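Working notes, structure below.
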Amino acid sequence: MAARIDGRKILPRAFFRRDSRAVAPALLNKILVGADGRSGRIVETEAYCGAIDPAAHTYRGKTARNATMFGPPGKMYVYFTYGMHWCCNTVCGEEGEGIGVLLRALAPLSGLEIMRAHRPKARRDRELCSGPARLTQAMGISGVHDGIDLVAGDGGFCIVDDGTPPPRNPVASGRIGVSRAAEAPWRWYVPGDTNVSRR
DNA sequence: TCTGCGATAATA
DNA sequence: ATTATCGCAGAC
C-alpha cells in the first residue's frame, strides 16, 4: 500500500527509477510538499542525463558536490550556483547513473504567507516560485536538504499525486541557462501556466 | 513589458 | 574562466 498524506499518494521509488527524460514530463502537475504547510504544483522541469549530457553536473563523473546524484533514485539533489542560489533536483534512474530532473517552477498551492516571508521581493504570487532558485527560496530548500529522501519523506519534503494527470500537451523546449547541448529539448512545462519561468 | 548587465563564490 | 540565476536599471 502506497504511503499517503491527506489522501494524496506519495510518489513511490519506482516512479523515479527510470530515465530522467521520462520522469521530467511525468512530474508535471505533481505536488511538492514541505513540512510546514507550504506546497506547490510542479509546472516546469528539466532532465539532466549524466554521462551522455555535457550540460549535466555529473557529466565528468562523481565529485563531492554531485555525489547525491549518483545515489538511489527518489533522493533530492540540492546544489549551489552563481554564488548565491540553491536549486533542487530529483535523482532518477538506477544508482550510479547520475541522472535527475531539475525542478524549475511551481504554481503555489498552500502556505503562500510563509513563501512571501521568504521572498519579500515577490510582488505577485506568480513571482514566488517561477524559477529554480525562486522555488527553493519560497519552499525553504537549501544545502542542508541535499540527499534527503523524497519517498520516505523523512527529510521534510515529498512529492505527491492528487489525481491531476500530467498535461495532455506538455511543451518540450531547449533547457534554460545551459551553453552545451542547449538544443536538446529536455525542458518541459505546462502550456499556459503563468508560473512557468519563461514564455 | 522587455532587454542588458552586475552580483557573488564554488567548481574544475 | 565558467556557471542548471535573479533582480535592478533604463528604454519603450
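Because only heavy atoms are used, hydrogens play no part in the values below, and waters and symmetry mates are left out as well, while side chains stay in. Note that this is a predicted model, so its numbers are computed, not measured.
The residue among A:Gly131 and A:Ser179 whose nearest nucleotide of DNA chain C is located toward the 5' end is A:Ser179.
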- Note on the structure: Each base of DNA chain B marked ( ) or [ ] if paired in-strand (Watson-Crick or G-U under 3.5 Å), | if paired to another strand and . if unpaired gives |||||||.|||.

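Its side chain outside the 4.5 Å cluster rule for every partner, A:Phe70 clusters with none of the Ile, Leu, Val, Met, Phe, Trp and Tyr residues.
Counting any heavy atom pair closer than 4.0 Å across all strands shown, A:Ala133 reaches sugar-phosphate atoms only and no base atom.
Here the C1' atom of nucleotide C:dC6 and the CG atom of A:Leu135 are 13 Å apart, to the nearest Å. Rounded to an integer number of Å, the gap from CZ of A:Arg198 to C1' of C:dC6 is 11 Å.
Residues of residues 90-111 of chain A that place a heavy atom closer than 4.0 Å to DNA chain B do not occur. At a non-hydrogen distance threshold of 4.0 Å, nothing from residues 21-29 of chain A comes into contact with DNA chain C.
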Distances under 3.5 Å only, N/O to N/O: pair up the protein atoms with those of nucleotides 7-12 of chain C.
{"from": "C:dG7", "atom 1": "OP1", "to": "A:Arg119", "atom 2": "NH1", "distance (Å)": "2.9"}
{"from": "C:dG7", "atom 1": "OP1", "to": "A:Arg119", "atom 2": "NH2", "distance (Å)": "3.3"}
{"from": "C:dG7", "atom 1": "OP2", "to": "A:Arg119", "atom 2": "NH2", "distance (Å)": "3.4"}
{"from": "C:dG7", "atom 1": "OP2", "to": "A:Arg134", "atom 2": "NE", "distance (Å)": "2.9"}
{"from": "C:dG7", "atom 1": "OP2", "to": "A:Arg134", "atom 2": "NH2", "distance (Å)": "3.1"}

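A:Leu11 places none of its side-chain heavy atoms less than 4.5 Å from the side chain of A:Val151. Counting heavy atoms from C-beta on, the side chains of A:Cys49 and A:Arg21 come closer than 4.5 Å. A 4.5 Å side-chain heavy-atom check between A:Ile148 and A:Asp154 finds every atom pair outside the cut-off. Residues A:Leu128 and A:Leu112 have side chains in contact (heavy-atom distance under 4.5 Å, counting atoms from C-beta outward).
Scored by the salt bridge (Lys or Arg N to Asp or Glu O under 4.0 Å) test, A:Arg13 finds A:Asp149 as partners (sequence neighbours excluded). Residues passing the side chain to side chain contact (heavy atoms under 4.5 Å, CB included) test with A:Pro166 are A:Lys30, sequence neighbours excluded. Residues passing the salt bridge (Lys or Arg N to Asp or Glu O under 4.0 Å) test with A:Glu94 are A:Arg17, sequence neighbours excluded.
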Please tabulate, for side-chain N and O atoms in residues 174-181 of chain A, each donor-acceptor pair with protein atoms closer than 3.5 Å (sequence neighbours left out).
{"from": "A:Arg175", "atom 1": "NH1", "to": "A:Ala47", "atom 2": "O", "distance (Å)": "3.1"}
{"from": "A:Arg175", "atom 1": "NH1", "to": "A:Asp53", "atom 2": "OD2", "distance (Å)": "2.7"}
{"from": "A:Arg175", "atom 1": "NH2", "to": "A:Asp53", "atom 2": "OD1", "distance (Å)": "3.0"}
{"from": "A:Arg175", "atom 1": "NH2", "to": "A:Ala181", "atom 2": "O", "distance (Å)": "3.4"}
{"from": "A:Arg180", "atom 1": "NH2", "to": "A:Pro54", "atom 2": "O", "distance (Å)": "3.1"}

Could you pull out all donor-acceptor pairs under 3.5 Å where a side-chain atom in residues 71-78 of chain A meets a protein atom, sequence neighbours excluded?
{"from": "A:Tyr77", "atom 1": "OH", "to": "A:His57", "atom 2": "ND1", "distance (Å)": "2.9"}

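Among residue pairs with one or both ends in residues 184-195 of chain A, those qualifying as side chain to side chain donor-acceptor pair (under 3.5 Å) are A:Glu44-A:Arg187, A:Ser173-A:Arg187, A:Asp193-A:Asn195; sequence neighbours excluded.
The shortest non-hydrogen separation linking A:Leu106 to A:Leu32 is CD1-CD2, 4.1 Å. Of all the heavy atoms in A:Val91 and A:Met69, the pair that sits closest is CG1-O, 3.5 Å.
With A:Ser20 contributing its side chain and A:Tyr48 its backbone, the two residues share a donor-acceptor pair below 3.5 Å.
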- Apply side-chain hydrogen bond (donor to acceptor under 3.5 Å, both in side chains) to A:Ser39 and A:Ser110, showing your working. CA-CA 5 Å; A:Ser39 70; A:Ser110 61; 2.6 Å; yes

- Note on the structure: Expected string for nucleotides 4-12 of chain B under the B/S/- scheme (protein heavy atoms, under 4.0 Å, primed atoms plus P, OP1, OP2 as sugar-phosphate) is ---BBB-SS

